[in-house]
Amino acid sequence: QVQLVESGGGLVQAGGSLRLSCAASGRTFSTYSMAWFRQTPGKEREFVAAIARFSGGTFYDHSVEGRFTISRNNAENTLYLQMNNLKPEDTAVYYCAGRQGGGVSSTSGDYDNWGQGSQVTVSS
């Protein structure tokens, strides 16, 4: 198991940028496929982006492609989500998630390690 802690959320105006970080404990971070999900009250947790454990290949939901960038630094055990041109509809609690021994997935149930969440609020 890996422990995940998000940081970097906050309040930003539409069109602005934020960078989320997810710090992972342990020495096996590089073996985890990682992803970002987000959730708003009363809705299901939805996929945002994922990054493969070895190839570093990235995958995005169509709603964020071209605006968000997922990346990882395995030497520092950290996952990032750079969010540019933010829109009010991006407002949500953002969660990082990890999956060991499997490929990337856009299904939240495939991930077994989760952070506590970080609130992102975009004002219009």
Side-chain angles (χ1 to χ4, degrees):
Q1 294 287 328
V2 63
Q3 304 299 316
L4 303 173
V5 179
E6 299 100 336
S7 61
L11 173 65
V12 64
Q13 289 188 328
S17 299
L18 281 174
R19 188 175 81 157
L20 300 180
S21 299
C22 175
S25 66
R27 292 178 285 184
T28 60
F29 176 72
S30 62
T31 66
Y32 282 74
S33 295
M34 299 296 297
W36 289 96
F37 288 79
R38 64 188 181 186
Q39 189 170 23
T40 54
K43 292 191 175 181
E44 295 289 322
R45 196 165 292 187
E46 64 177 20
F47 172 74
V48 175
I51 186 167
R53 52 184 173 162
F54 297 132
S55 71
T58 57
F59 307 87
Y60 298 91
D61 182 78
H62 65 89
S63 64
V64 307
E65 195 156 18
R67 300 187 298 121
F68 290 12
T69 302
I70 187 172
S71 62
R72 66 191 299 164
N73 185 327
N74 288 338
E76 295 186 355
N77 284 5
T78 306
L79 176 75
Y80 300 100
L81 184 68
Q82 177 67 43
M83 304 183 291
N84 298 329
N85 191 21
L86 282 159
K87 303 176 181 180
E89 51 264 42
D90 295 318
T91 295
V93 177
Y94 283 72
Y95 297 88
C96 64
R99 181 188 190 198
Q100 190 176 38
V104 292
S105 170
S106 61
T107 302
S108 60
D110 289 338
Y111 293 84
D112 46 17
N113 295 269
W114 291 87
Q116 82 287 354
S118 182
Q119 177 70 48
V120 171
T121 303
V122 184
S123 63
S124 57

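Keep in mind that this is a model prediction, so the values were computed, not measured. Heads up: numbering here begins at 1 and tracks the sequence.
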Study note, to complete from the structure: Distance col, row Asn113:CG vs Arg99:CZ, nearest 0.5 angstrom, shows 11.5 Å
Check your understanding: What's in the same ILVMFWY side-chain cluster as Leu11, cut-off under 4.5 Å, chained through other members?
Key -> none
Point to revise | Between CZ on residue Arg72 and OG1 on residue Thr58, distance to nearest 0.5 Å | key: 12.0 Å
Review point. Between atom NE2 of His62 and atom CZ of Phe47, what is the distance when rounded to the nearest 0.5 Å?
Key: 11.0 Å
Review point. Distance-only, no hydrogens or angles: does the Gln116 side chain make a donor-acceptor pair with backbone N or O of Glu6 under 3.5 Å?
Key: yes
Point to revise | Minimum heavy-atom distance between Ser106 and Phe37, given as atom pair plus value | key: O-CE2, 3.6 Å
Exercise for review: Quick one: pull up NZ in Lys87 and OG in Ser124 and give me the separation to the nearest 0.5 Å.
Suggested key: 14.0 Å
Review point. Is any side-chain heavy atom of Ser63 less than 4.5 Å from a side-chain heavy atom of Arg38?
Key: yes
Point to revise | Distance-minimising heavy-atom pair for Gln119 and Val93 | key: OE1-CG2, 3.2 Å
Study note, to complete from the structure: To the nearest 0.5 Å, atom OH of Tyr95 lies from atom SG of Cys22 at 13.0 Å
**Study point:** For Val48, the rest of its hydrophobic cluster, which grows through side-chain links under 4.5 angstrom
**Key:** Val2, Leu4, Val12, Leu18, Leu20, Phe29, Tyr32, Met34, Trp36, Ile51, Tyr60, Val64, Phe68, Ile70, Leu79, Leu81, Met83, Leu86, Tyr94, Val120, Val122
Check your understanding: Are the side chain of Ser105 and the backbone of Thr107 linked by a donor-acceptor contact shorter than 3.5 Å?
Key -> yes
Point to revise | Closest non-hydrogen atom pair between Trp114 and Ser108, with its separation | key: CZ2-O, 3.4 Å
Practice item. Check for a donor-acceptor pair, side chain of Ser30 on one end and backbone N or O of Asn74 on the other, with a separation under 3.5 Å. Key: no
Review point. Would you say Gln100 and Arg53 make side-chain contact, with heavy atoms under 4.5 Å?
Key: no
Exercise for review: Report the distance from atom CZ of Arg19 to atom CG of Asn84, rounding to the nearest 0.5 Å.
Suggested key: 11.5 Å
Review point. Are any side-chain N or O atoms of Thr69 and backbone N or O atoms of Gln82, one a donor and one an acceptor, separated by less than 3.5 Å?
Key: no
Revision key, fill the gap. Heavy-atom closest pair (Ser33 atom, Gly103 atom, distance to 0.1 Å) is OG-C, 3.6 Å
